[in-house]
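What follows is a single structure, written as structure tokens, with notes after it.
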Amino acid sequence: EVHLVESGGGLVQAGGSLRLSCAASGFTFDDYALGWFRQAPGKELQGISCISSSDGSTYYADSVKGRFTIFSDNAKNTAYLQMSSLKPEDTAVYYCAASSPSFVGFCLIATPADFGSWGQGTQVTVSS
């Protein structure tokens with residue numbers, strides 16, 4: 001059974017940084033795609049970043065490009081989302097989700113429904 005656990009959320013001032021972690025178990029962490037999503041109150045789920053082991057590709061939504069970085073440590077079965085220059089509009093519950101196996105180009109075309117496993121979410125609050 002695939003299990004994902006997010007951590008690292010919290011309260012930060014605008015302009016600050018946070019690093020979210022997604023610890024994974026139950027699947028081979030050498031053939032996967034992992035995405036980060038967020039949902040703010042009253043808003044739809046938004047895909048913000050994705051990484052695929054198939055080709056090492058990464059994807060970022062325009063709203064976070066240049067501020068967020070996704071990376072993984074396969075030895076630790078953990079993926080990360082480094083968030084910098086945070087803005088109040090980044091406030092949301094952040095979820096990681098995984099798909100295993102993956103394929104080349106997955107992150108470009110994947111929708112939330114393509115990720116079979118989800119974590120419980122971690123709250124990120126950015127104060128102005």
F37 vs W118 aromatic rings, parallel, tilted or perpendicular, using cut-offs 30° and 60°?
-> tilted
Could you walk me through whether F68 and W36 satisfy the side-chain contact (heavy atoms from CB on, under 4.5 Å) test, starting with their C-alpha distance in whole Å, then the side-chain angles of each, then the deciding distance to 0.1 Å, before giving a yes or no?
CA-CA 11 Å; F68 291 10; W36 284 98; over 6 Å; no
Do [X] and [Y] have side-chain heavy atoms sitting under 4.5 Å apart?
{"X": "T69", "Y": "Y80", "result": "no"}
{"X": "F106", "Y": "D114", "result": "yes"}
{"X": "R38", "Y": "V93", "result": "no"}
{"X": "T122", "Y": "S7", "result": "no"}
{"X": "R19", "Y": "F71", "result": "yes"}
{"X": "F115", "Y": "S100", "result": "no"}
{"X": "T78", "Y": "C22", "result": "no"}
{"X": "V124", "Y": "M83", "result": "yes"}

Here the gap from L34 atom CG to I70 atom CD1, rounded to the nearest 0.5 Å, amounts to 5.5 Å
Do [X] and [Y] meet the criterion of a side-chain donor-acceptor pair at a distance under 3.5 Å?
{"X": "S52", "Y": "S102", "result": "yes"}
{"X": "S63", "Y": "Q46", "result": "yes"}
{"X": "Y32", "Y": "N77", "result": "no"}

Heavy-atom closest pair, residues [X] and [Y]:
{"X": "I48", "Y": "V64", "result": "O-CG2, 3.5 Å"}
{"X": "S85", "Y": "R67", "result": "O-NH1, 2.9 Å"}
{"X": "Q39", "Y": "K43", "result": "NE2-O, 3.1 Å"}
{"X": "S54", "Y": "D31", "result": "OG-OD1, 4.0 Å"}
{"X": "G47", "Y": "A61", "result": "O-CB, 3.6 Å"}

Inset, instruction - Using a strict 4.0 Å threshold on nitrogen-to-oxygen distance, state whether D90 and K87 make a salt bridge. - result: no
message = Test of understanding: clusters of I, L, V, M, F, W, Y form through side-chain heavy atoms closer than 4.5 Å, transitively. Do L108 and F103 belong to the same one?
response = yes
TODO: Identify whether L81 and V126 are in the same connected component of the hydrophobic contact network (ILVMFWY, side-chain heavy atoms under 4.5 Å).
DONE: yes
Exercise. Does I51 offer a backbone N or O that forms a donor-acceptor pair with the side chain of T58 under 3.5 Å?
Worked result: no
**Main-chain N/O of G121 paired to E6 side chain as donor or acceptor, under 3.5 Å** = yes
Exercise. For side-chain contact (heavy atoms from CB on, under 4.5 Å), just list the numbers for Y95 and L45, CA-CA rounded to whole Å, side-chain angles, deciding distance to a tenth of an Å, and then say yes or no.
Key: CA-CA 9 Å; Y95 301 90; L45 188 68; 4.2 Å; yes
*Report the C-alpha separation of Q123 and T125 in whole Å, then their side-chain angles, then the decisive distance to 0.1 Å, and conclude whether the side chain to side chain donor-acceptor pair (under 3.5 Å) test is met.*
CA-CA 6 Å; Q123 176 71 45; T125 303; 3.3 Å; yes
